[in-house]
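Along the sequence shown, residues are numbered consecutively beginning with 1. Quick caveat, the model's predicted, so the values are computed rather than measured. Only this structure's heavy atoms are used, side chains among them; waters, hydrogens and symmetry mates stay out.
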Amino acid sequence: MATKLFLDALSAIKEVFVSKLVDFSLEKLASSDLLQFATQKKVLEEIQNLEKELKQIRRVLDDAEERQMKEQLVKDWLIDLQNLAFDVEDANLMVECRGSSSKRSRLNIPHSFNDVLFNRDIMSKIRDLTAKLKDLEPQRNKLELRMTDCERPTRLEQRLQPASLEIENHVYGRDKDKQTILDLLLKSDDERNFVIPILGMGGIGKTTLAQLVYNDASIQNHFHLKAWACISDYFDVLRITKEILQSITSVSCNDNDLNIVQEKLQKELSGKKFLIVLDDVWNENYHDWTILQSPFKTRTQGSKIIVTTRNHGVSSTMGALHAHSLELLSDDDCLSVFAQHALGARDFEGHPSLKEVAEKIVRKCNDLPLAAKTLGGLLRTNVDLHAWEDILESEIWKLSKDQSSIIPALQLSYHHLPLHLKRCFMYCAIFPKDYEFEKEEIILLWRAQGFLQEARDKQCIHDLDHKYFNDLVSRSLLQVCVNNNSRFVMHDLINDLAQSVAGEVCFKIEDSQRISKHARHLSYIAEDFDGIKKFEGIYEAQHLRTFLPLMSSRVFRTDNYLTNHVLTNLLPNLRCLRALSLEEYQITMLPDFVGDLKLLRYLNFSKNRVIKCLPESVSTLYNLETFLLKGCYNLEKLPSEMEKLVNLCYLDITGADKLESMASNFSMLTNLQKLSSSVLGKEKGHKIRELMNLSNLRGELCISGLRNIAEPQDAWMARLSDKSRIGNLKLQWSKYFENRREEVEKKLMELSIKFYCGDMLANWVGDSSFNCLQSLCLDDCINLLSLPSIGKLPLLKKVLELFAENTTNSFSSLEILEFVDMLNWEKWNLCEVDEEARKFPKLRELLIQNCPLLLGSMPEYLPSLKKLAIRSCGKLIISVQNFPLLSELEIHGCHEFSWAAECLRLRSIKVVSFEIGCCEELCSSRDNNWGLLTQSVSPQYLEITKCPLLVSIATEEEREELMQLKIPSSIVRMEIENCERLEKLSTTLYSLALLMELVLDGCSKLISVARSNLPSNLKVLVIRSCKNLQCLLLDEGEDVDSNNACVLQELNIFYCESLKRINRSVLPSTLKELLILGCPKLESISQEIQDNSSLESIRIFSCDMLKGLPQGLNKLKLCKIMSKVGCSNLISLAESGLPTPNLECLRLHFCSRLQPLPGNMRSLNALKDLAITDCPNVTSILEEGIPTHLTSLIIGGPNIWKAILDRDLHTLTCLKSLDISNGCPDAVSFPQDEKGVTLPSSLTRLFISDFPKLENLSSNGFRNLNSLQDLTIKNCPNLKTLPGNNMLSLQCLIIENCPSLKTLPGNNMLSSLLELEIRGRPMMEERCKRDKGPEWSKISHIPCVVVDGSDKVLKRII
């Protein structure tokens, strides 16, 4: 009885800040073996004393909850009470863990002695709690909290929660706005409307409107490409560009060079009309926007960008002609939004009694859609009039802005949440704004915090956590991401709400905020190198329950490194941790401290690509429920005693391909619900039987190492057929294996079989009882001769990499079918089966690749086929006559494809994209009916590869000539590659008004391309590896001053070894970018620059014969970039001077004959980036002085470096990056002490290379480098010491080939270091040896250290 009173009293605390408190300690204690000690008399007395105190508190909690929103003193008192409850729970769990371990103790201690110890421990904890509660009593009395005898009614807790997607399909009051935006997108090609801003306050529906437009059917047909990117207040151009590129290509981009990424994006967009949505833009920096829009400059007419923003300044920054301001909804429309989310209907016809109070609630929402939406979600399907009146009459509506910055309607939506949802929602405050997370990601963290303890058992938790999550989505507190339906996000205002109610409990490391010692959950954005400074102040928060690094972007990933101090000094002291993540940190060895974190329920070491084994202490984590090792592809073994983790529910070892086997006695982990992989080790194939007891497995399971099963009986004992919750099963053998078979559960949705080396599969694979199977993948099953009858599987949608001889059933749901690398497949025999068996009614994509022996024909009728690709199938007969929906056709190396017949058949099909390769027949329109095809088909993209008979290309209007290919007038982008006999482009191509981009690659007989050959609206011309091309943009006998022949904007020329000249007179005035690479015979680009030239960028590389540039460079008003690299005969840039107004970047490298630069250097006011290396004659650059506003300077060569030193380098007060190589052959110090020069204090990066006599870095010269972050020193063989200055900002230090350096500077210089590389200094490896080397104490805190030239990572643990 006393125990019950104790638990009831403690439970009262959770009623107040239930979003910040955890029930787990109370419920766990009630069911724990510890209560056997509570029967002792003294313990019972202490519990009764505690119960009296708690009863008094419980009676005032309801009043305190209402008043704390308006009275800060009440709120402070509740926070103290909350922190006390947290501490109590932690203490109780610690005691329980000790109890669990003592019960299992092997020491020969009498059981009664342990009882006494436990009684004493419990009494101590209870007395401490009682004393702390008494300490709160004076403050409670002073607040005069009103006592109540009953709990606050909870009318809103229990109700049915429908799926969120049915709600999101209804949007009210935005029809006119939508049509306005659609008109701007579809009917206006005015370049001034390229950017269309949607402007409005937070929560008004900007993103919703953009979504409506983005998904409209008319948009799908109008634009070739679409992309969506969420920007937020962190405007990272590289991240945003990658996100746009990934949205278009659906392929991750791992490049970190902005130029490379932008070039890739520009290539994807080239010649295509695109729509890009930039959602939630805050940045008003014009320079950032200018950089971001670089890939859009040569855009196809009609392309658009939609921007959603709260800020008028963003609109003007982006050069928008007009911003569409979004107004608040009308009362009626706002009422419809509220009704839709509350009742699932647009009006109150079914519930007229609720309409009046609903109208009053909506008026209080001030017609803000987000407010109406969240309050409607709060009342979802609840038709109790009193509950609605409670919302209407709440005191929260009366809060002033000074009392709360949160919109009252949103505050109400939280206030009336059921208790269990409050704490789940509050925990979401650990996520930064616009952070996208997966459903399982947050659910597993909720489980770790004990938020789901009301479930009857661990199996019920799975259903309960998904219900909680769906409840929050249905209330619009969480929402589906626009560009990824598998991820979720919180609206910015909802995130503010979560942070407000979480208070100091959830803390994100941002800026210079200081953590509270009462913080319980910590998150931060992980960076490449997370050093000790990042975690300053965190050591005070000893009661953290969550340690969670988050990734800043899902677009790309890099290796991350963590300071050793976190692993050795911080984490070991966080004994209350429930969730610990070290995801993506590259740590070679984990310390044993992990085993001391006894309360851990969630442990994430995923994407650690270097760790090979885990500490055995992990096996002692009795409470561990989730263990994530995803992507640890070097992991070789698991802890040997994992059977002790009896509470483990989730184990994800996906991608741990080097794992040799599972731990012994794995079958004891009977609570496992997710086991991503089960690895059968060598000579342990019988271990598959250990799956027998894992009856709760669900979701995905991969069984690898099936080659090691010796007896079929072992496989049968796994009882896979009894595991009905497994939805995705992968069976993996090896490349060398004999035939084995197994039977599995028949409710599978996905089945993957890899490395199976038998000649036929077991009959169960195609059994019709597998009526849930949607995807079948057979990978590297090289000996398979035939496929079972899988055609009657009713839901089968996808078959990948099949090895089949014959199928005899109808594929009623198959959507994707691929045959790849089936070198021995000879026949797809459809003649021996009935007509129904030949139909694939839903097949959308068909790929047949590298099946050289395949004879016969394809299926004759594929009514739903949209994409057909046939590659390297020389004997296959291809016919496309009855593919009515075909839009993408790719034919490569298929000798039996008859253009003569098929072009006629394609006339009735709207094919958008043609790819033709290795087609000897494609040459003469007279013979192959190509001309007839182009009269009725309107493809937009055409790629022709390796067609050896093709000699000329022309338009369809030109008279027919032998071996001439006619190009359809609808073409937007065309690429001709490796057509070795192509000699010319017809002048009739000028009439191809839609052709925007032309690529000519590897056409070795092409001699010239005249301006008159180019289409009239061609914007991009790329010519690559045309080895006999001699002239470009040159028209013999034509008025060379005429500039009407083309409107070219971008010209790229690569590796044309015979090219001598580009133009006799002038370049097209429209040309913006000129890039020439690897043209060793190029002598002339053009004679002069026109006054109206649009050139913005000139980049020339490895053109040895080029002696000069066109005259009149000073006329280039728009030019920003000039680069000349490897032009050994270049003598002069231009006598008239360099372009002055906008030139930002000038780079000259390896131009050995280049004479002094023009005399207008001082007037280059926009110049920010200057690089001159290996240009020995360029010595007079400083006669007038270089611009003092440079931010980057690269200098190579003693003469020019001496000139800069003489003019006092410190005058470059804006300089951030300085590279100096081969600066002074006799210099002993840098900068030279006798010169008295100090390096600019603005420097953040310094690179020093090739100083043969350099012995030291001058302390005087380095004394002002308080902002220096990166220092690299290379090829200084006599360097002995580094400066001892306090460069407290230094983050990266790289030392290469400096063999005389024997020691590193003291900690003052290295204290902030995040990365250290020492190469070409073998002795340093021993001196930096972990825990033993004399340099170890100086570097132990550095996250990443690489020593010597073997690229050996000495200690990725730090």
Side-chain angles (χ1 to χ4, degrees), residues 252 254 438 440-441 444-445 448 523-531 534-535 546-554 556-568 570-572 574 577 579-595 597 600-619 621 624 626-640 642 645 648 650-663 674-677 679 702 1314-1315 1330 1342-1346 1351-1358:
S252 296
N254 295 318
E438 294 180 355
E440 185 176 85
E441 180 181 356
L444 292 178
L445 290 168
S523 68
Y524 61 92
I525 298 298
E527 300 178 76
D528 292 350
F529 306 99
D530 285 325
K534 185 166 194 166
F535 302 96
T546 302
F547 185 90
L548 186 66
L550 301 169
M551 301 302 114
S552 60
S553 170
R554 298 290 173 177
F556 66 98
R557 290 286 182 268
T558 57
D559 287 345
N560 293 356
Y561 300 90
L562 181 66
T563 174
N564 188 51
H565 277 226
V566 169
L567 297 176
T568 57
L570 174 59
L571 294 179
L574 302 181
L577 276 179
L580 170 61
S581 174
L582 296 173
E583 183 177 5
E584 291 210 22
Y585 285 125
Q586 305 311 302
I587 302 172
T588 55
M589 182 177 65
L590 287 168
D592 283 334
F593 81 84
V594 176
L597 306 178
L600 267 185
R601 300 194 188 100
Y602 174 100
L603 189 54
N604 187 357
F605 294 149
S606 294
K607 300 175 185 175
N608 182 330
R609 289 174 280 276
V610 297
I611 196 167
K612 293 184 177 181
C613 62
L614 300 171
E616 289 294 330
S617 60
V618 171
S619 296
L621 299 176
L624 193 64
T626 299
F627 196 11
L628 305 179
L629 298 166
K630 189 174 183 178
C632 298
Y633 56 69
N634 271 312
L635 187 65
E636 296 176 355
K637 69 174 188 174
L638 297 172
S640 59
M642 280 190 66
L645 304 179
L648 194 64
Y650 274 64
L651 177 61
D652 193 341
I653 52 176
T654 303
D657 297 331
K658 292 187 178 181
L659 200 60
E660 299 170 353
S661 67
M662 307 303 288
K674 177 171 182 176
L675 175 61
S676 62
S677 306
V679 183
C702 173
L1314 302 176
E1315 181 181 11
R1330 181 183 180 86
I1342 304 174
C1344 181
V1345 176
V1346 179
D1351 287 342
K1352 176 182 177 182
V1353 178
L1354 189 65
K1355 54 179 189 62
R1356 290 185 186 270
I1357 187 174
I1358 53 179

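Proximity of Y585 to F605: side-chain heavy atoms (C-beta onward) are nowhere separated by under 4.5 Å. Contact of the L567 side chain with the L582 side chain is registered, since non-hydrogen atoms from C-beta on lie closer than 4.5 Å. When side chains are defined from C-beta on, Y650 does not count as touching D652, because their heavy atoms never get closer than 4.5 Å. At a threshold of 4.5 Å between non-hydrogen side-chain atoms, the residues L648 and M642 count as touching. Annotation: side chain of T546 is not in contact with side chain of Y602 (no heavy-atom distance under 4.5 Å). Counting heavy atoms from C-beta outward, N560 and K607 have side chains that stay 4.5 Å or more apart.
The CD atom of E527 sits 12.0 Å away from the CG atom of L562 when rounded to the nearest 0.5 Å. Q586 contributes atom CD, which lies 11.0 Å from atom CG of D528 (distance to the nearest 0.5 angstrom). Here CG of L548 is found 6.0 Å from OG of S523. Values are rounded to the nearest 0.5 Å.
For the pair E441 and L550, the tightest heavy-atom approach, listed with the atom from each and the gap, is OE2-CD2, 4.4 Å. The nearest pair of heavy atoms linking L571 to L597 is O-CD2, 3.8 Å. Nearest heavy atom pair, residue S677 against residue I653, reads O-CD1, 3.4 Å. A pairwise comparison of heavy atoms in P591 and P615 identifies O-CG, 3.9 Å as the closest pair. Of all the heavy atoms in P549 and E583, the pair that sits closest is CG-N, 4.5 Å. Nearest heavy atoms, L590 versus L614: CD1-CD2, 4.0 Å.
A side-chain donor-acceptor contact under 3.5 Å links S606 to the backbone of K630. Proximity of a side-chain donor or acceptor of N608 to a complementary backbone N or O of I587 within less than 3.5 Å is detected. Checking side-chain atoms of T654 against main-chain N and O of S676 turns up no donor-acceptor pair under 3.5 Å.
With sequence neighbours excluded, the residues satisfying salt bridge (charged side-chain N to carboxylate O under 4.0 Å, His left out) with E440 are K674. With sequence neighbours excluded, the residues forming a ring-ring contact (aromatic ring centres under 6.0 Å, His included) with F547 are Y524, listed by chain and number.
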Name each donor-acceptor pair under 3.5 Å that joins a side chain in residues 633-640 to protein atoms two or more places apart or in another chain, with its distance.
from : atom 1 : to   : atom 2 : distance (Å)
N634 : OD1    : K658 : NZ     : 2.8
N634 : ND2    : R609 : O      : 2.7
S640 : OG     : E616 : OE1    : 3.0

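Among T626, L628, V594, the one residue that satisfies the side chain to side chain contact (heavy atoms under 4.5 Å, CB included) test with L603 is V594.
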Test log, rule side-chain contact (heavy atoms from CB on, under 4.5 Å), inputs L621 and F627: CA-CA 11 Å; L621 299 176; F627 196 11; over 6 Å; no
